2 protein chains.
Amino acid sequence: MRSEIKPDGQKARSFIEEARRDQIVRAAVEVIAEVGFARASLARIAQRAGISKGVISYHFAGKEELMEQVVDRVYAQIGEFVLARMEGAESAADLLRTHVMSVAEHMRGNRVQLTALGEIFNNLRAADGEPRYGVHTSEGLYQALESIYRHGQERGEFRAFDVRVMAVTHQAAIDAMFAYWQAHPEHDLEAHARQLADLLERACS
Amino acid sequence: MRSEIKPDGQKARSFIEEARRDQIVRAAVEVIAEVGFARASLARIAQRAGISKGVISYHFAGKEELMEQVVDRVYAQIGEFVLARMEGAESAADLLRTHVMSVAEHMRGNRVQLTALGEIFNNLRAADGEPRYGVHTSEGLYQALESIYRHGQERGEFRAFDVRVMAVTHQAAIDAMFAYWQAHPEHDLEAHARQLADLLERACS
DNA sequence: TTGATTTCTGACCGCATGGCCAAAATTTAG
DNA sequence: CTAAATTTTGGCCATGCGGTCAGAAATCAA
(Lines give C-alpha, C1' and ligand atoms only; values in the text may rest on other atoms or scores of the structure.)
Protein backbone atom coordinates (compact mmCIF):
# COMPACT_ATOMS: atom_id res chain seq x y z
CA MET A 1 0.00 0.00 0.00
CA ARG A 2 1.24 3.43 -0.87
CA SER A 3 -0.96 5.13 1.70
CA GLU A 4 0.84 7.06 4.37
CA ILE A 5 0.06 7.96 7.94
CA LYS A 6 -1.38 11.46 8.16
CA PRO A 7 -0.83 13.75 11.14
CA ASP A 8 -4.18 12.82 12.68
CA GLY A 9 -3.28 9.14 12.74
CA GLN A 10 -5.65 8.27 9.89
CA LYS A 11 -4.34 6.70 6.76
CA ALA A 12 -4.65 8.57 3.49
CA ARG A 13 -6.74 6.24 1.37
CA SER A 14 -7.38 6.31 -2.31
CA PHE A 15 -10.92 6.68 -3.57
CA ILE A 16 -10.92 3.10 -4.75
CA GLU A 17 -9.70 1.74 -1.47
CA GLU A 18 -12.28 3.73 0.43
CA ALA A 19 -14.99 2.38 -1.85
CA ARG A 20 -13.86 -1.17 -1.19
CA ARG A 21 -13.89 -0.58 2.56
CA ASP A 22 -17.40 0.80 2.27
CA GLN A 23 -18.54 -2.19 0.28
CA ILE A 24 -17.07 -4.61 2.81
CA VAL A 25 -18.57 -2.73 5.74
CA ARG A 26 -22.00 -2.82 4.12
CA ALA A 27 -21.70 -6.55 3.49
CA ALA A 28 -20.63 -7.05 7.09
CA VAL A 29 -23.69 -5.17 8.36
CA GLU A 30 -26.01 -7.37 6.33
CA VAL A 31 -24.37 -10.63 7.30
CA ILE A 32 -24.19 -9.78 11.00
CA ALA A 33 -27.83 -8.76 11.03
CA GLU A 34 -28.84 -11.96 9.29
CA VAL A 35 -26.82 -14.66 11.00
CA GLY A 36 -25.59 -12.97 14.15
CA PHE A 37 -22.17 -11.93 15.27
CA ALA A 38 -20.93 -15.42 16.10
CA ARG A 39 -21.63 -16.77 12.61
CA ALA A 40 -20.52 -13.70 10.72
CA SER A 41 -17.20 -15.11 9.53
CA LEU A 42 -14.87 -13.33 7.15
CA ALA A 43 -15.67 -16.01 4.58
CA ARG A 44 -19.40 -15.24 4.75
CA ILE A 45 -18.86 -11.51 4.57
CA ALA A 46 -16.55 -11.88 1.59
CA GLN A 47 -19.04 -14.14 -0.15
CA ARG A 48 -21.78 -11.55 0.42
CA ALA A 49 -19.58 -8.80 -0.99
CA GLY A 50 -18.70 -10.99 -3.98
CA ILE A 51 -14.98 -10.89 -3.29
CA SER A 52 -12.28 -13.21 -2.06
CA LYS A 53 -11.67 -13.60 1.63
CA GLY A 54 -8.15 -12.26 1.38
CA VAL A 55 -9.40 -8.87 0.24
CA ILE A 56 -10.79 -8.19 3.69
CA SER A 57 -7.44 -8.99 5.28
CA TYR A 58 -5.82 -6.71 2.76
CA HIS A 59 -8.02 -3.70 3.47
CA PHE A 60 -8.49 -4.16 7.20
CA ALA A 61 -5.93 -4.89 9.89
CA GLY A 62 -8.15 -7.69 11.18
CA LYS A 63 -11.67 -8.61 12.09
CA GLU A 64 -11.67 -6.22 15.02
CA GLU A 65 -10.90 -3.20 12.87
CA LEU A 66 -13.67 -4.17 10.48
CA MET A 67 -16.17 -4.41 13.33
CA GLU A 68 -15.08 -1.07 14.72
CA GLN A 69 -15.60 0.48 11.32
CA VAL A 70 -19.13 -0.89 11.22
CA VAL A 71 -19.88 0.67 14.61
CA ASP A 72 -18.28 4.00 13.74
CA ARG A 73 -20.10 4.42 10.45
CA VAL A 74 -23.53 3.40 11.70
CA TYR A 75 -23.14 5.57 14.78
CA ALA A 76 -22.15 8.52 12.64
CA GLN A 77 -25.25 8.11 10.48
CA ILE A 78 -27.57 8.03 13.46
CA GLY A 79 -25.95 11.02 15.11
CA GLU A 80 -26.08 13.10 11.95
CA PHE A 81 -29.78 12.45 11.44
CA VAL A 82 -30.87 12.98 15.02
CA LEU A 83 -28.81 16.10 15.69
CA ALA A 84 -30.20 17.75 12.56
CA ARG A 85 -33.74 17.16 13.81
CA MET A 86 -32.98 18.57 17.24
CA GLU A 87 -31.61 21.88 15.97
CA GLY A 88 -34.90 23.76 16.19
CA ALA A 89 -36.05 22.63 19.61
CA GLU A 90 -36.11 25.12 22.49
CA SER A 91 -37.60 23.64 25.63
CA ALA A 92 -36.21 20.53 27.30
CA ALA A 93 -39.51 18.76 26.73
CA ASP A 94 -39.22 19.48 23.01
CA LEU A 95 -35.64 18.21 22.92
CA LEU A 96 -36.70 15.08 24.72
CA ARG A 97 -39.59 14.35 22.41
CA THR A 98 -37.60 15.16 19.30
CA HIS A 99 -34.81 12.85 20.35
CA VAL A 100 -37.09 9.88 20.92
CA MET A 101 -39.15 10.47 17.80
CA SER A 102 -36.25 11.12 15.43
CA VAL A 103 -34.23 8.13 16.55
CA ALA A 104 -37.28 6.00 15.94
CA GLU A 105 -37.89 7.60 12.56
CA HIS A 106 -34.35 7.06 11.39
CA MET A 107 -34.21 3.47 12.54
CA ARG A 108 -37.50 2.56 10.92
CA GLY A 109 -35.64 2.68 7.61
CA ASN A 110 -32.44 1.11 8.91
CA ARG A 111 -33.31 -2.05 10.75
CA VAL A 112 -30.28 -4.03 9.65
CA GLN A 113 -27.86 -1.39 10.87
CA LEU A 114 -29.61 -1.44 14.21
CA THR A 115 -29.40 -5.20 14.52
CA ALA A 116 -25.77 -5.32 13.50
CA LEU A 117 -24.89 -2.59 15.96
CA GLY A 118 -26.52 -4.48 18.78
CA GLU A 119 -24.77 -7.72 17.86
CA ILE A 120 -21.35 -6.10 17.81
CA PHE A 121 -22.06 -4.14 20.95
CA ASN A 122 -22.97 -7.29 22.82
CA ASN A 123 -20.35 -9.64 21.45
CA LEU A 124 -17.19 -7.99 20.25
CA ARG A 125 -14.33 -8.51 22.67
CA ALA A 126 -10.76 -7.35 22.69
CA ALA A 127 -7.92 -9.85 22.45
CA ASP A 128 -7.69 -9.98 26.24
CA GLY A 129 -11.29 -11.15 26.48
CA GLU A 130 -12.70 -7.92 27.85
CA PRO A 131 -15.81 -6.56 26.12
CA ARG A 132 -14.81 -4.05 23.46
CA TYR A 133 -17.97 -2.02 23.92
CA GLY A 134 -20.15 -1.77 26.97
CA VAL A 135 -21.97 0.62 29.19
CA HIS A 136 -18.79 2.62 29.68
CA THR A 137 -18.67 3.19 25.92
CA SER A 138 -22.00 4.96 26.16
CA GLU A 139 -20.55 7.58 28.47
CA GLY A 140 -20.62 10.25 25.76
CA LEU A 141 -24.21 9.46 24.91
CA TYR A 142 -25.21 9.57 28.56
CA GLN A 143 -23.59 12.96 28.99
CA ALA A 144 -25.46 14.33 26.01
CA LEU A 145 -28.78 13.12 27.40
CA GLU A 146 -27.89 14.40 30.85
CA SER A 147 -27.35 17.87 29.44
CA ILE A 148 -30.91 17.84 28.11
CA TYR A 149 -32.34 16.86 31.46
CA ARG A 150 -30.16 19.29 33.36
CA HIS A 151 -31.23 22.00 30.94
CA GLY A 152 -34.82 21.25 31.87
CA GLN A 153 -34.06 21.37 35.58
CA GLU A 154 -32.28 24.70 35.27
CA ARG A 155 -35.19 26.18 33.31
CA GLY A 156 -37.52 25.02 36.04
CA GLU A 157 -39.35 22.74 33.60
CA PHE A 158 -38.29 19.53 35.36
CA ARG A 159 -38.34 18.46 38.96
CA ALA A 160 -35.19 17.46 40.86
CA PHE A 161 -34.00 13.94 40.06
CA ASP A 162 -30.78 12.07 39.37
CA VAL A 163 -29.93 12.93 35.76
CA ARG A 164 -27.65 9.93 35.34
CA VAL A 165 -30.40 7.49 36.26
CA MET A 166 -32.71 9.31 33.89
CA ALA A 167 -30.20 9.18 31.04
CA VAL A 168 -29.50 5.48 31.53
CA THR A 169 -33.22 4.73 31.66
CA HIS A 170 -33.92 6.92 28.62
CA GLN A 171 -31.38 5.12 26.47
CA ALA A 172 -32.43 1.68 27.69
CA ALA A 173 -36.06 2.45 26.90
CA ILE A 174 -35.14 3.37 23.33
CA ASP A 175 -33.05 0.24 22.87
CA ALA A 176 -35.89 -1.88 24.22
CA MET A 177 -38.35 -0.21 21.89
CA PHE A 178 -36.26 -1.31 18.91
CA ALA A 179 -35.70 -4.79 20.28
CA TYR A 180 -39.43 -5.22 20.74
CA TRP A 181 -40.14 -3.87 17.30
CA GLN A 182 -37.66 -6.29 15.77
CA ALA A 183 -39.31 -9.23 17.50
CA HIS A 184 -42.78 -7.97 16.53
CA PRO A 185 -42.47 -6.34 13.11
CA GLU A 186 -46.18 -5.50 13.09
CA HIS A 187 -45.69 -3.37 16.20
CA ASP A 188 -46.38 0.32 15.64
CA LEU A 189 -42.99 1.91 16.21
CA GLU A 190 -44.17 5.48 15.92
CA ALA A 191 -46.98 4.98 18.41
CA HIS A 192 -44.55 3.35 20.80
CA ALA A 193 -42.18 6.28 20.43
CA ARG A 194 -44.99 8.71 21.20
CA GLN A 195 -46.00 6.78 24.30
CA LEU A 196 -42.40 6.69 25.41
CA ALA A 197 -41.96 10.41 24.94
CA ASP A 198 -45.08 11.02 27.05
CA LEU A 199 -43.81 8.64 29.67
CA LEU A 200 -40.42 10.31 29.96
CA GLU A 201 -41.87 13.79 30.01
CA ARG A 202 -44.26 12.92 32.83
CA ALA A 203 -41.49 11.24 34.78
CA CYS A 204 -39.66 14.58 34.81
CA SER A 205 -42.56 16.79 35.84
CA MET B 1 -27.75 -44.71 32.33
CA ARG B 2 -30.43 -46.56 34.20
CA SER B 3 -32.70 -43.54 34.42
CA GLU B 4 -36.08 -43.89 32.76
CA ILE B 5 -38.49 -41.48 31.16
CA LYS B 6 -41.18 -40.47 33.60
CA PRO B 7 -44.76 -39.66 32.56
CA ASP B 8 -44.04 -35.91 32.57
CA GLY B 9 -41.22 -36.30 30.10
CA GLN B 10 -38.53 -35.63 32.69
CA LYS B 11 -35.87 -38.19 33.41
CA ALA B 12 -35.71 -39.76 36.83
CA ARG B 13 -32.23 -38.82 38.01
CA SER B 14 -30.23 -40.23 40.86
CA PHE B 15 -29.14 -37.92 43.64
CA ILE B 16 -25.56 -38.15 42.47
CA GLU B 17 -26.41 -37.33 38.89
CA GLU B 18 -28.48 -34.34 39.95
CA ALA B 19 -25.57 -33.10 42.05
CA ARG B 20 -23.21 -33.37 39.09
CA ARG B 21 -25.62 -31.46 36.88
CA ASP B 22 -25.83 -28.76 39.51
CA GLN B 23 -22.07 -28.57 39.74
CA ILE B 24 -21.70 -28.27 35.99
CA VAL B 25 -24.42 -25.63 35.74
CA ARG B 26 -22.74 -23.58 38.45
CA ALA B 27 -19.39 -23.84 36.68
CA ALA B 28 -21.06 -22.80 33.43
CA VAL B 29 -22.57 -19.72 35.07
CA GLU B 30 -19.19 -18.62 36.37
CA VAL B 31 -17.34 -19.21 33.12
CA ILE B 32 -19.97 -17.49 30.97
CA ALA B 33 -20.01 -14.48 33.26
CA GLU B 34 -16.23 -14.25 33.18
CA VAL B 35 -15.30 -14.84 29.56
CA GLY B 36 -18.60 -14.37 27.74
CA PHE B 37 -20.81 -16.79 25.89
CA ALA B 38 -18.61 -17.11 22.83
CA ARG B 39 -15.56 -18.22 24.81
CA ALA B 40 -17.42 -20.40 27.26
CA SER B 41 -16.43 -23.71 25.69
CA LEU B 42 -17.22 -27.09 27.16
CA ALA B 43 -13.51 -27.52 27.80
CA ARG B 44 -13.36 -24.35 29.89
CA ILE B 45 -16.48 -25.23 31.82
CA ALA B 46 -15.18 -28.72 32.53
CA GLN B 47 -11.86 -27.31 33.68
CA ARG B 48 -13.65 -24.92 36.04
CA ALA B 49 -15.70 -27.77 37.46
CA GLY B 50 -12.56 -29.88 37.84
CA ILE B 51 -13.82 -32.68 35.66
CA SER B 52 -13.16 -34.13 32.24
CA LYS B 53 -14.88 -32.66 29.24
CA GLY B 54 -16.63 -35.89 28.46
CA VAL B 55 -18.59 -35.74 31.71
CA ILE B 56 -20.62 -32.84 30.42
CA SER B 57 -21.54 -34.75 27.30
CA TYR B 58 -22.45 -37.66 29.53
CA HIS B 59 -24.84 -35.70 31.74
CA PHE B 60 -26.28 -33.31 29.15
CA ALA B 61 -27.59 -33.99 25.69
CA GLY B 62 -25.43 -31.17 24.33
CA LYS B 63 -24.35 -27.63 24.90
CA GLU B 64 -27.82 -26.33 24.19
CA GLU B 65 -29.42 -28.38 26.96
CA LEU B 66 -26.76 -27.18 29.39
CA MET B 67 -27.45 -23.56 28.51
CA GLU B 68 -31.18 -24.04 28.87
CA GLN B 69 -30.62 -25.53 32.30
CA VAL B 70 -28.63 -22.46 33.30
CA VAL B 71 -31.45 -20.19 32.19
CA ASP B 72 -34.17 -22.27 33.86
CA ARG B 73 -32.41 -22.48 37.22
CA VAL B 74 -31.41 -18.83 37.43
CA TYR B 75 -34.86 -17.70 36.34
CA ALA B 76 -36.49 -19.89 38.97
CA GLN B 77 -34.32 -18.38 41.70
CA ILE B 78 -35.17 -14.81 40.74
CA GLY B 79 -38.89 -15.47 40.44
CA GLU B 80 -39.05 -17.20 43.81
CA PHE B 81 -37.36 -14.32 45.60
CA VAL B 82 -39.25 -11.49 43.97
CA LEU B 83 -42.71 -13.04 44.19
CA ALA B 84 -42.23 -13.70 47.90
CA ARG B 85 -41.49 -10.01 48.47
CA MET B 86 -44.51 -8.83 46.50
CA GLU B 87 -47.02 -10.90 48.48
CA GLY B 88 -47.90 -8.17 50.95
CA ALA B 89 -48.34 -5.24 48.59
CA GLU B 90 -51.79 -3.77 47.98
CA SER B 91 -51.72 -0.73 45.74
CA ALA B 92 -50.26 -0.76 42.27
CA ALA B 93 -47.68 1.81 43.31
CA ASP B 94 -46.56 -0.49 46.11
CA LEU B 95 -46.34 -3.45 43.75
CA LEU B 96 -44.31 -1.37 41.36
CA ARG B 97 -41.86 -0.17 43.97
CA THR B 98 -41.54 -3.58 45.57
CA HIS B 99 -40.79 -5.19 42.24
CA VAL B 100 -38.01 -2.76 41.37
CA MET B 101 -36.49 -2.80 44.83
CA SER B 102 -36.61 -6.55 45.38
CA VAL B 103 -35.15 -7.42 42.00
CA ALA B 104 -32.31 -5.04 42.77
CA GLU B 105 -31.85 -6.53 46.23
CA HIS B 106 -31.72 -10.08 44.98
CA MET B 107 -29.33 -9.31 42.19
CA ARG B 108 -26.94 -7.38 44.36
CA GLY B 109 -25.84 -10.76 45.72
CA ASN B 110 -26.04 -12.62 42.42
CA ARG B 111 -24.14 -10.64 39.83
CA VAL B 112 -22.65 -13.60 38.01
CA GLN B 113 -26.03 -15.23 37.47
CA LEU B 114 -27.30 -12.01 36.00
CA THR B 115 -24.38 -11.64 33.62
CA ALA B 116 -24.57 -15.25 32.50
CA LEU B 117 -28.30 -14.96 31.90
CA GLY B 118 -27.77 -11.92 29.70
CA GLU B 119 -25.01 -13.60 27.72
CA ILE B 120 -27.11 -16.66 26.99
CA PHE B 121 -30.16 -14.58 26.26
CA ASN B 122 -28.28 -12.54 23.68
CA ASN B 123 -26.23 -15.26 22.07
CA LEU B 124 -27.69 -18.73 22.26
CA ARG B 125 -29.07 -19.82 18.90
CA ALA B 126 -30.85 -22.95 17.80
CA ALA B 127 -29.31 -25.24 15.22
CA ASP B 128 -31.13 -23.38 12.44
CA GLY B 129 -29.44 -20.13 13.42
CA GLU B 130 -32.50 -18.49 14.90
CA PRO B 131 -32.09 -16.93 18.35
CA ARG B 132 -33.10 -19.40 21.04
CA TYR B 133 -34.28 -16.67 23.37
CA GLY B 134 -35.42 -13.20 22.48
CA VAL B 135 -37.97 -10.56 23.24
CA HIS B 136 -40.74 -13.05 22.59
CA THR B 137 -39.35 -15.18 25.43
CA SER B 138 -40.06 -12.31 27.79
CA GLU B 139 -43.75 -12.44 26.93
CA GLY B 140 -44.65 -14.00 30.28
CA LEU B 141 -42.70 -11.39 32.15
CA TYR B 142 -44.33 -8.59 30.18
CA GLN B 143 -47.79 -9.94 30.93
CA ALA B 144 -47.01 -10.06 34.64
CA LEU B 145 -45.87 -6.45 34.62
CA GLU B 146 -48.84 -5.43 32.50
CA SER B 147 -51.19 -6.88 35.09
CA ILE B 148 -49.65 -4.60 37.71
CA TYR B 149 -50.11 -1.52 35.56
CA ARG B 150 -53.61 -2.49 34.49
CA HIS B 151 -54.45 -3.07 38.14
CA GLY B 152 -53.40 0.50 38.84
CA GLN B 153 -55.48 1.84 35.99
CA GLU B 154 -58.57 -0.04 37.13
CA ARG B 155 -58.15 1.23 40.67
CA GLY B 156 -57.91 4.75 39.31
CA GLU B 157 -54.37 5.13 40.65
CA PHE B 158 -52.80 5.37 37.20
CA ARG B 159 -53.61 7.44 34.13
CA ALA B 160 -54.43 5.89 30.77
CA PHE B 161 -51.40 4.68 28.86
CA ASP B 162 -50.27 1.72 26.77
CA VAL B 163 -49.46 -0.97 29.33
CA ARG B 164 -47.29 -2.92 26.90
CA VAL B 165 -45.01 0.04 26.26
CA MET B 166 -44.84 0.61 30.00
CA ALA B 167 -43.97 -3.04 30.70
CA VAL B 168 -41.26 -3.11 28.03
CA THR B 169 -39.79 0.12 29.34
CA HIS B 170 -40.00 -1.05 32.94
CA GLN B 171 -38.06 -4.23 32.25
CA ALA B 172 -35.50 -2.46 30.08
CA ALA B 173 -34.89 0.13 32.78
CA ILE B 174 -34.16 -2.62 35.30
CA ASP B 175 -31.80 -4.40 32.93
CA ALA B 176 -29.99 -1.16 32.23
CA MET B 177 -29.69 -0.45 35.92
CA PHE B 178 -27.81 -3.72 36.38
CA ALA B 179 -25.68 -3.21 33.30
CA TYR B 180 -24.66 0.21 34.53
CA TRP B 181 -23.96 -1.12 38.00
CA GLN B 182 -21.77 -3.86 36.55
CA ALA B 183 -19.74 -1.34 34.59
CA HIS B 184 -19.50 0.97 37.61
CA PRO B 185 -19.30 -1.23 40.70
CA GLU B 186 -19.08 1.82 42.96
CA HIS B 187 -22.50 2.92 41.72
CA ASP B 188 -25.16 2.92 44.45
CA LEU B 189 -27.58 0.27 43.24
CA GLU B 190 -30.17 0.84 45.94
CA ALA B 191 -30.28 4.59 45.31
CA HIS B 192 -30.66 3.94 41.60
CA ALA B 193 -33.50 1.55 42.28
CA ARG B 194 -35.25 4.15 44.43
CA GLN B 195 -34.87 6.80 41.72
CA LEU B 196 -36.20 4.37 39.16
CA ALA B 197 -39.21 3.50 41.28
CA ASP B 198 -39.99 7.22 41.65
CA LEU B 199 -39.57 7.72 37.95
CA LEU B 200 -41.93 4.92 37.00
CA GLU B 201 -44.52 5.93 39.54
CA ARG B 202 -44.57 9.50 38.26
CA ALA B 203 -44.78 8.33 34.68
CA CYS B 204 -48.03 6.59 35.56
CA SER B 205 -49.70 9.43 37.44
C1' DT C 1 -16.23 -61.60 46.53
C1' DT C 2 -17.96 -61.15 42.18
C1' DG C 3 -20.29 -59.58 38.31
C1' DA C 4 -23.16 -55.89 36.50
C1' DT C 5 -23.96 -51.05 36.11
C1' DT C 6 -22.83 -46.34 36.29
C1' DT C 7 -19.52 -42.80 35.86
C1' DC C 8 -15.23 -40.87 34.26
C1' DT C 9 -11.07 -40.22 31.43
C1' DG C 10 -8.24 -38.79 27.69
C1' DA C 11 -7.53 -39.35 23.09
C1' DC C 12 -9.57 -38.60 18.82
C1' DC C 13 -12.68 -36.91 14.79
C1' DG C 14 -14.48 -33.65 11.45
C1' DC C 15 -15.23 -29.04 10.95
C1' DA C 16 -15.04 -23.94 10.86
C1' DT C 17 -12.42 -20.19 12.00
C1' DG C 18 -8.98 -15.93 11.38
C1' DG C 19 -4.97 -15.09 9.40
C1' DC C 20 -1.18 -15.69 5.98
C1' DC C 21 1.17 -15.59 1.58
C1' DA C 22 3.12 -16.62 -3.13
C1' DA C 23 1.64 -15.85 -7.36
C1' DA C 24 -1.55 -13.94 -10.72
C1' DA C 25 -4.19 -10.09 -12.39
C1' DT C 26 -4.99 -5.34 -12.78
C1' DT C 27 -4.06 -0.49 -12.58
C1' DT C 28 -0.99 3.31 -12.73
C1' DA C 29 3.10 6.06 -14.09
C1' DG C 30 6.83 7.31 -17.15
C1' DC D 1 4.77 -0.03 -24.46
C1' DT D 2 6.96 -1.19 -20.30
C1' DA D 3 7.85 -1.55 -15.67
C1' DA D 4 6.48 -0.65 -11.11
C1' DA D 5 2.83 -0.52 -7.73
C1' DT D 6 -1.52 -1.98 -6.25
C1' DT D 7 -5.08 -5.26 -5.68
C1' DT D 8 -7.01 -9.91 -5.88
C1' DT D 9 -6.98 -14.78 -5.72
C1' DG D 10 -7.24 -19.35 -3.80
C1' DG D 11 -5.08 -22.47 -1.18
C1' DC D 12 -2.76 -23.35 3.17
C1' DC D 13 -1.99 -23.26 8.24
C1' DA D 14 -2.56 -23.68 13.27
C1' DT D 15 -6.09 -23.34 16.55
C1' DG D 16 -10.11 -24.34 19.06
C1' DC D 17 -14.61 -26.06 18.78
C1' DG D 18 -18.60 -29.71 20.00
C1' DG D 19 -19.14 -34.25 20.05
C1' DT D 20 -17.81 -39.38 20.24
C1' DC D 21 -15.84 -43.47 21.97
C1' DA D 22 -13.21 -47.52 23.95
C1' DG D 23 -11.68 -48.65 27.96
C1' DA D 24 -10.53 -47.65 32.94
C1' DA D 25 -12.37 -46.67 37.40
C1' DA D 26 -15.79 -46.57 40.83
C1' DT D 27 -20.04 -47.92 42.69
C1' DC D 28 -23.67 -51.04 43.61
C1' DA D 29 -26.24 -55.46 44.17
C1' DA D 30 -26.36 -60.20 45.46
Side-chain angles (χ1 to χ4, degrees), chain A residues 1-4 11-24 27-28 31-32 34-70 119-120 123-129 132, chain B residues 1-5 11-25 27-28 31-32 34-70 119-120 123-129 132:
Chain A
M1 256 190 297
R2 190 176 37 195
S3 50
E4 293 151 16
K11 290 205 183 164
R13 296 186 221 280
S14 71
F15 176 79
I16 290 182
E17 188 180 353
E18 193 54 46
R20 260 277 184 271
R21 284 170 63 95
D22 241 52
Q23 178 192 11
I24 294 169
V31 172
I32 293 168
E34 272 177 30
V35 305
F37 181 88
R39 301 192 187 205
S41 64
L42 295 183
R44 262 193 230 248
I45 294 169
Q47 187 183 29
R48 168 64 58 108
I51 57 178
S52 169
K53 198 180 56 162
V55 183
I56 298 180
S57 296
Y58 179 75
H59 288 288
F60 295 89
K63 198 180 187 181
E64 191 170 337
E65 198 214 332
L66 171 57
M67 294 301 161
E68 286 170 359
Q69 281 298 311
V70 172
E119 287 282 332
I120 297 174
N123 292 307
L124 185 60
R125 298 194 170 225
D128 61 8
R132 174 69 180 78
Chain B
M1 255 190 297
R2 191 175 38 195
S3 49
E4 292 152 18
I5 304 294
K11 291 206 183 161
R13 296 186 219 281
S14 71
F15 176 78
I16 289 182
E17 189 180 354
E18 193 54 46
R20 261 278 184 272
R21 284 170 65 95
D22 241 53
Q23 178 192 10
I24 294 169
V25 166
V31 172
I32 294 167
E34 272 176 29
V35 304
F37 181 87
R39 301 190 188 205
S41 65
L42 295 184
R44 261 193 229 246
I45 294 169
Q47 189 183 28
R48 169 63 58 107
I51 56 177
S52 169
K53 199 180 56 162
V55 183
I56 298 180
S57 297
Y58 179 74
H59 288 287
F60 295 89
K63 198 180 186 181
E64 192 170 337
E65 198 215 330
L66 171 57
M67 294 299 161
E68 287 169 358
Q69 281 298 310
V70 172
E119 286 284 330
I120 297 174
N123 293 306
L124 185 61
R125 297 190 173 231
D128 61 8
R132 175 67 180 79

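Chain A is the first sequence line, chain B the second, and so forth, proteins listed ahead of strands; every chain is numbered from 1. Here the structure is a predicted model, which is why all the values come from computation and not from measurement.
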Take atom CD of E64(B) and atom P of dG18(D), then tell me their distance rounded to the nearest Å.
-> 13 Å
Roughly how many Å is it from CG in N123(B) to P in dG18(D), rounded to a whole number?
-> 13 Å
When you compare the protein's N or O atoms with those of nucleotides 10-15 of chain C, which come within less than 3.5 Å of each other, and at what distance?
residue	atom	partner	partner atom	Å
dG10(C)	N7	S52(B)	OG	3.2

Interatomic distance where CD belongs to E65(B) and P belongs to dG18(D) [whole Å] | 15 Å
Which distance, rounded to the nearest 0.5 Å, do you find between the CZ of F60(A) and the CG of L42(A)?
-> 10.5 Å
Taken to the nearest whole Å, CD1/I56(A) to C1'/dT17(C) is 13 Å
Separation of F37(A) atom CZ from dA16(C) atom P, in whole Å?
-> 19 Å
To the nearest 0.5 angstrom, please state how far the CD1 atom of I56(B) sits from the CD1 atom of I45(B).
-> 5.5 Å
Taken to the nearest 0.5 Å, the spacing of R21(A) CZ from E65(A) CD works out to 5.0 Å
Can you tell me how far the CG atom of N123(B) sits from the CG atom of N123(A), to the nearest 0.5 Å?
-> 4.0 Å
Taking atom P of dT17(C) as reference, at what distance in whole Å does atom CZ of R44(A) sit?
-> 6 Å
Stepwise side chain to side chain donor-acceptor pair (under 3.5 Å) test for Q23(B) and R20(B) | CA-CA 5 Å; Q23(B) 178 192 10; R20(B) 261 278 184 272; 2.5 Å; yes
Identify the two heavy atoms, one from F37(A) and one from M67(A), that lie closest to each other, and give their separation to 0.1 Å.
-> CE1-SD, 4.0 Å
S41(B) near the nucleic acid: base, sugar-phosphate alone, or nothing, with a heavy-atom cut-off under 4.0 Å?
-> sugar-phosphate
Separation between CZ of R39(A) and CZ of R125(B), rounded to the nearest 0.5 Å = 7.0 Å
Y58(A) OH to dT27(C) P, in whole Å, measures 14 Å
Atom-pair distance (CD on E17(B); P on dT27(D)), nearest Å = 16 Å
Proximity to the side chain of H59(B) - top-ranked nucleotide from dC17(D), dT20(D), dC8(C) | dC8(C)
Closest nucleotide among dG19(C), dC17(D), dT9(C) to the I51(B) side chain | dT9(C)
Hey, does the side chain of R39(A) come within less than 4.0 Å of dA16(C)'s phosphate (OP1/OP2), counting only N and O?
-> no
